[in-house]
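Protein chains get the first letters and strands the later ones, always in sequence-line order, with residue 1 at the start of each.
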Number of protein chains: 2
Amino acid sequence: MENEKCEYLCVHEDTVKKVINDMPEEEKLYDLAELFKIFGDSTRIKILYALFEAELCVCDIAQLLNVSQTAVSHQLRVLKTNKLVKCRKEGKNVFYSLADDHVCSIINQGMDHINE
Amino acid sequence: MENEKCEYLCVHEDTVKKVINDMPEEEKLYDLAELFKIFGDSTRIKILYALFEAELCVCDIAQLLNVSQTAVSHQLRVLKTNKLVKCRKEGKNVFYSLADDHVCSIINQGMDHINE
DNA sequence: CTCTCATATGTTTATCTGTTCATATGATAC
DNA sequence: GTATCATATGAACAGATAAACATATGAGAG
C-alpha cells in the first residue's frame, strides 16, 4: 500500500476500469475463497470422495480412510456447516451423504486439472 | 485410530469395498486438496478474477485490489508455481495472465455453488 | 436404572500460511 | 557510471487450523 508512484502507468486505464466493473463484490469473493478452503484439505477431500459412492456412517468413514473418529467427526462438522454434506440419523448411527451435485462437479473439475 | 470395536458393523462390507476400489490413489487426492488450497485464499481469488479480463502487471493488480505489491508478488509466485498463471516480461514490467481455461471453469463452478 | 457403543464437542498443541518489513535484483533513463 | 522504478525474495511475526486427547451426549440393550 506504500507504492504511490505507479498510477496505472503500465496499462490503459480503460482495461483497469473494465476489470473493476466486472469484479464480483468483495464479499462474494471472500465466500468463494472460503468454499475452496473447505476442499483444500486432504482428509475432507477423502471424505467427500468416499461419499461419492454411498452414504456412510462416521465409523465407516474413519476406518475406510484410516483416520481417527474424532478427526472425521470434526471434519464432517465443517463439511456440514458449509452445506457440502447432509446427514440422517438412524439409531446410534449417523449417515452422511453429499449435499448436492455441485460438490461432485467442483471436485471432478479439479481432478480434470490434475490429470492433464 | 483407537476405535477397534466398530468393524464395519453399520454398513455392508460390499459397499465399503466398492468405495475403496473406486477411490483415486492417495497421492491424487493429496494433489487435489493442494489445488483447492490455492483457490482457498481471497487475495489469490481476487488476483485470478482480475486476470479473467486482461493480462495485468503486478503493480496494477496491487492497486486494483488494494493490496501491497509485496503481498501480490508473493501470491503470484504461488499461483505461478502451481501453474495457474503465466507471465510475460516487458521491460521493467511483468504481465501476468491465466494459465488455462480450467482455472476459469473451476472458479465459475464454485461461484455457481455460492449463488444458489 | 446401568452399560455400552456411536458420535460430538471443548481444549490444547504443533504446524502451516499470509502479511509486513527490509532488502535485493534487474531494467530503463540520464 | 548513478538514480529511479517495477518486481522479487528472505526473514520474522501473527493468525488460522487440523489433529490429538479427554470428555460429554444420546441412543439402544439388558
Short side-chain N/O contact to D:dA8 OP1/OP2 from B:R77, under 4.0 Å: no

Phosphate-side-chain proximity, A:Q75 and D:dT17, N/O vs OP1/OP2 below 4.0 Å: no

Aromatic-base stack, B:H74 on C:dT19, cutoff 5.5 Å, angle under 30: no

Whole angstrom value for the distance that separates C1' of D:dT17 from CG of B:D41: 14 Å

Below 4.0 Å: OP1/OP2 of C:dT19 and any side-chain N or O of B:S68: no

A:I61 CD1 - C:dT7 C1' separation (whole Å): 11 Å

Verdict with supporting geometry, B:K28 and B:E26, salt bridge (Lys or Arg N to Asp or Glu O under 4.0 Å): CA-CA 6 Å; B:K28 275 271 171 67; B:E26 181 87 11; over 6 Å; no

Sugar-phosphate, base or nothing in reach of B:K37, heavy atoms under 4.0 Å: sugar-phosphate

Heavy-atom donor-acceptor pair, B:Q69 side-chain to D:dA6 base, under 3.5 Å: no

Short side-chain N/O contact from A:T43 to OP1 or OP2 of D:dA19, under 4.0 Å: yes

Gap between atoms CD1 and P, on A:I47 and C:dA8 respectively (whole Å): 11 Å

B:F36 and A:F36 aromatic ring geometry - parallel, tilted or perpendicular at 30°/60° bounds: parallel

OP1 or OP2 of C:dA6 under 4.0 Å from side-chain N/O of A:Y96: no

